[in-house]
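Data first, discussion second: the structure below is written as structure tokens.
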Amino acid sequence: MTDFKKIISHAKEYGFIFPSSEIYDGLSAVYDYAQNGVALKKNIRDYWWKSMVQLHHNIVGIDASILMHPTTWKASGHVDAFNDPLIDNKDSKKRYRADVLVEDYCAKIENKMDKEIAKAAKRFGEAFNPEEFKTTNPRVVGYQEKINTILKRLGQSLEKEDLEDVKNLIEELEIACPESGSRNWTEVKQFNLMFGTKLGASAESAMDLYLRPETAQGIFVNFLNVQKTGRMKIPFGIAQTGKAFRNEIVARQFIFRMREFEQMEMQFFVPPGTQKEWYDQWKQTRLSWHLSLGMGAENYRFHDHEKLAHYADAAADIEFKFPFGFKELEGIHSRTDFDLKSHEEFSGKKLQYFDPERNENYVPYVVETSIGLDRMFLAVFSWALRDETLEDGSTRTVLKLPEVLAPTKVAILPLVKKDGLPEVAQKLMDDLKWNHAVAYDEKDAVGRRYRRQDALGTPYCITIDHQTLEDQTVTIRDRDSMKQERIALDAVGGILNEKLDIKNWLQNI
Ligand code: ATP
């Protein structure tokens, strides 16, 4: 996997992601998607939407507003409990999330464990059984126990809001500030992550609002509207993609943690008592969705939560191996009936469903799947970016994006800018553009053009040469294998349709 700095600079240089308002030196943890980035982002969103909404007869979509009635956030618990524990280092004046400092400490122990395992794998060769080693090697077992004890204590202290103990833990572990190296910490304080804003023209009558910190509440408050107008029968789901805003304490990891980001969420409403089954099922369905993109099963793992949010009776993350280690990519939460019940209480309106099979009214339970679109972008982009040394010793940078997500699917390249080749290329482009995102490039030697498309992640290049004029054939070059094949000009459309058909990807789920 490529170095993180290189990922950020590649994203900028090739028109994927720019810092926001860069001419004013940018805005911390806010980014703009550029011409190629917006296409990749849209393709990821579509891939999610199709698998959720189009392929499930019992899931429908909505698009709720970012601004909502402020009582929403009282009812959801965000006004009182959407906090992160923050701690400052008095010497560097840097601010940290206290829980993240502890988790990073554990990640370092995990690194040591991985090194131990890698060493043993080398020593034992083929006979090595990593699972057995992890449970029997005293040093590795010790590391794992240490991690478990620390995380358990952190979870319990956060659950009880015992911030003093979080500080004690940081001190006991002798965690130092990564900037100053000092252990001169302030107390741990809670910090609310919601952005406030005002609605209304005059100061007296203005209403205090929040920018939504999650898209889910727009679904909860519309639950009955959708159920009634869509004549939905439980179990059913409501899906939504859209912006969310969080005033994150620390945001230093590019688009991993942003202050303005996009979520793709689905709330699945189920009869009380069946939530565990649905939770297990959605965990598997969502993991399969990720695996369908072919980015390697070894790069994903589940992390079951010790500390549960105020609304959940079970929660797990799907973690992905980012360049800085395994981190949360998606959350699957069993949210009980907390949200709907709370909205009933605060609004005085019933949010219940009459179940004809059970012959009773109830507030449904909810299992949600929630993934950050930008974080998914980073997962795909960082996994795909490679520097390769070729057989002849030269190097190339290639973005091996899953073809179905690539911003441009095919580049049409006339070998030279004359002899009627551009005209043939233009005609092919006009044929293909109805179904695919097509690029045209006639500048520079064809080898340089291939490299440019490699760096942009374009899976196929079609080259038009003099032979095309004689026998109506072209070459198709594959980004990953770099193999070129001669095919009939009129076969190009069919081949691309087959290779890029979303069905061939999603039906693996
Ligand atoms: P974290 O622990 O990383 O702060 P979270 O547990 O608060 O995340 P959720 O509230 O479960 O996150 O949000 C669901 C998903 O939204 C996350 O899995 C992540 O992909 C995405 N997400 C959350 N916060 C951000 C952010 N600041 N920037 C980008 N994506 C985010």
Side-chain angles (χ1 to χ4, degrees), residues 17 20 27-31 33 41 44-45 48 73 76-78 81-86 96-104 106-107 151 154-155 158 190-195 211-219 239-267 279 282-283 286-287 289-290 300-312 314-320 322 324-335 338-339 366-382:
I17 296 173
S20 155
L27 184 64
S28 160
V30 185
Y31 291 91
Y33 284 85
K41 190 178 175 195
I44 297 173
R45 193 191 294 110
W48 182 89
W73 306 111
S76 67
H78 283 80
F82 194 52
N83 301 318
D84 274 343
L86 71 82
Y96 297 92
R97 256 175 70 176
D99 54 335
V100 172
L101 281 180
V102 176
E103 281 164 11
D104 285 350
C106 291
L151 290 182
L154 176 70
L158 289 173
Q190 290 289 26
F191 176 79
N192 193 290
L193 299 182
M194 281 197 294
F195 279 106
L211 301 183
R212 67 179 176 196
E214 63 174 23
T215 53
Q217 298 304 324
I219 289 179
Q240 171 169 227
T241 69
K243 285 278 173 98
F245 301 81
R246 295 183 188 179
N247 196 0
E248 296 281 358
I249 298 171
V250 187
R252 295 190 195 114
Q253 283 165 320
F254 193 37
I255 56 168
F256 180 80
R257 191 174 297 287
M258 303 158 91
R259 297 207 162 95
E260 172 181 342
F261 59 100
E262 191 165 337
Q263 288 187 314
M264 306 190 285
E265 295 199 303
M266 194 280 299
Q267 268 71 36
Y279 169 73
W282 277 110
K283 269 173 79 173
R286 291 304 303 148
L287 182 64
W289 180 85
H290 287 283
Y300 301 87
R301 69 180 189 194
F302 281 116
H303 168 235
D304 295 309
H305 283 208
E306 284 276 338
K307 176 193 175 237
L308 293 173
H310 56 274
Y311 50 74
D317 299 334
I318 295 177
E319 294 187 335
F320 181 76
F322 286 97
F324 36 83
F326 272 103
K327 293 273 179 205
E328 171 177 349
L329 171 57
E330 170 159 8
I332 293 110
H333 310 127
S334 173
R335 283 182 89 127
F338 173 86
D339 301 86
V366 172
V367 174
E368 100 177 335
T369 71
S370 173
I371 173 168
L373 175 50
D374 315 85
R375 222 175 255 194
M376 181 64 193
F377 186 112
L378 182 61
V380 172
F381 196 84
S382 58

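Computed over heavy atoms, backbone and side chain alike; hydrogens, waters and symmetry mates excluded. Remember, it's 1-based here, ligands and their atoms both numbered in the order they're listed.
Of the candidates Phe245, Phe261, Phe320, Phe82, Phe261 brings a heavy atom nearest to atom 30 (N) of ligand 1. Proximity annotation for atom 9 (P) of ligand 1: of Arg246, His305, Glu214, Arg246 comes nearest, heavy atoms only. Counting only non-hydrogen atoms, the option in Glu328, His333, Met376 that gets closest to atom 12 (O) of ligand 1 is Glu328.
Using a 4.0 Å cut-off between a side-chain N of Lys or Arg and a carboxylate O of Asp or Glu, Arg335 and Glu214 qualify as a salt bridge. Salt bridge status for Glu319 with Lys327: absent, with no side-chain N to carboxylate O gap under 4.0 Å.
At least one heavy atom of Leu329 sits less than 4.0 Å from an atom of ligand 1.
In terms of protein heavy atoms, atom 13 (O) of ligand 1 is closest to Gln263 NE2, 3.4 Å.
Using cut-offs of 30° and 60° on the angle between ring planes, the pair Phe338 and Tyr311 is tilted.
Interface atoms of ligand 1 facing Met258, defined by a heavy-atom separation under 4.0 Å, are 26 (C), 27 (N), 28 (N), 29 (C). Atoms of ligand 1 lying under 4.0 Å from any heavy atom of Arg257, numbered from 1 in the order shown and given with element: 1 (P), 3 (O), 4 (O), 26 (C), 27 (N), 28 (N). The Phe256 neighbourhood of ligand 1 comprises atoms 28 (N), 29 (C), 30 (N), with distances under 4.0 Å to a heavy atom of that residue. Below 4.0 Å from some heavy atom of Ser370 lie the following atoms of ligand 1, by number and element: 13 (O), 14 (C), 15 (C), 18 (O). Numbered from 1 in the order shown, with element, the atoms of ligand 1 that lie under 4.0 Å from a heavy atom of Gly372 read 15 (C), 16 (O), 19 (C), 20 (O), 21 (C). Near Gly331, meaning under 4.0 Å from any of its heavy atoms, are these atoms of ligand 1: 18 (O). Close contacts between ligand 1 and Arg97 involve ligand atoms 4 (O) [criterion: under 4.0 Å to a heavy atom]. Of all atoms in ligand 1, numbered sequentially from 1 with element shown, those under 4.0 Å from a heavy atom of Glu248 are 24 (N), 26 (C), 27 (N).
In this structure, Lys41 is not positioned above the aromatic face of Phe377 in the sense of NZ or CZ being under 6.0 Å from the six-membered ring centre and within 45° of the axis. A cation-pi arrangement is absent between Arg45 and Trp48 under the rule of less than 6.0 angstrom and at most 45 degrees off the ring axis. Under the 6.0 Å distance and 45° angle rule, Arg301 counts as a cation-pi partner of Phe326.
Between the side chains of Glu368 and Gln267, at least one donor-acceptor pair of N or O atoms lies under 3.5 Å.
In this structure, the ring of Phe254 has its center no less than 6.0 angstrom from the ring center of Phe256.
Taking only nitrogen or oxygen atoms, main chain and side chain alike, Arg375 reaches within less than 3.5 Å of ligand 1. Not one N or O of Ile255 is nearer than 3.5 Å to an N or O of ligand 1, by distance alone.
In this structure, CD1 on Ile255 lies 3.5 Å from CD1 on Ile17, to the nearest 0.5 angstrom. Rounding to the nearest 0.5 Å places NZ of Lys283 at 11.0 Å from OG of Ser334.
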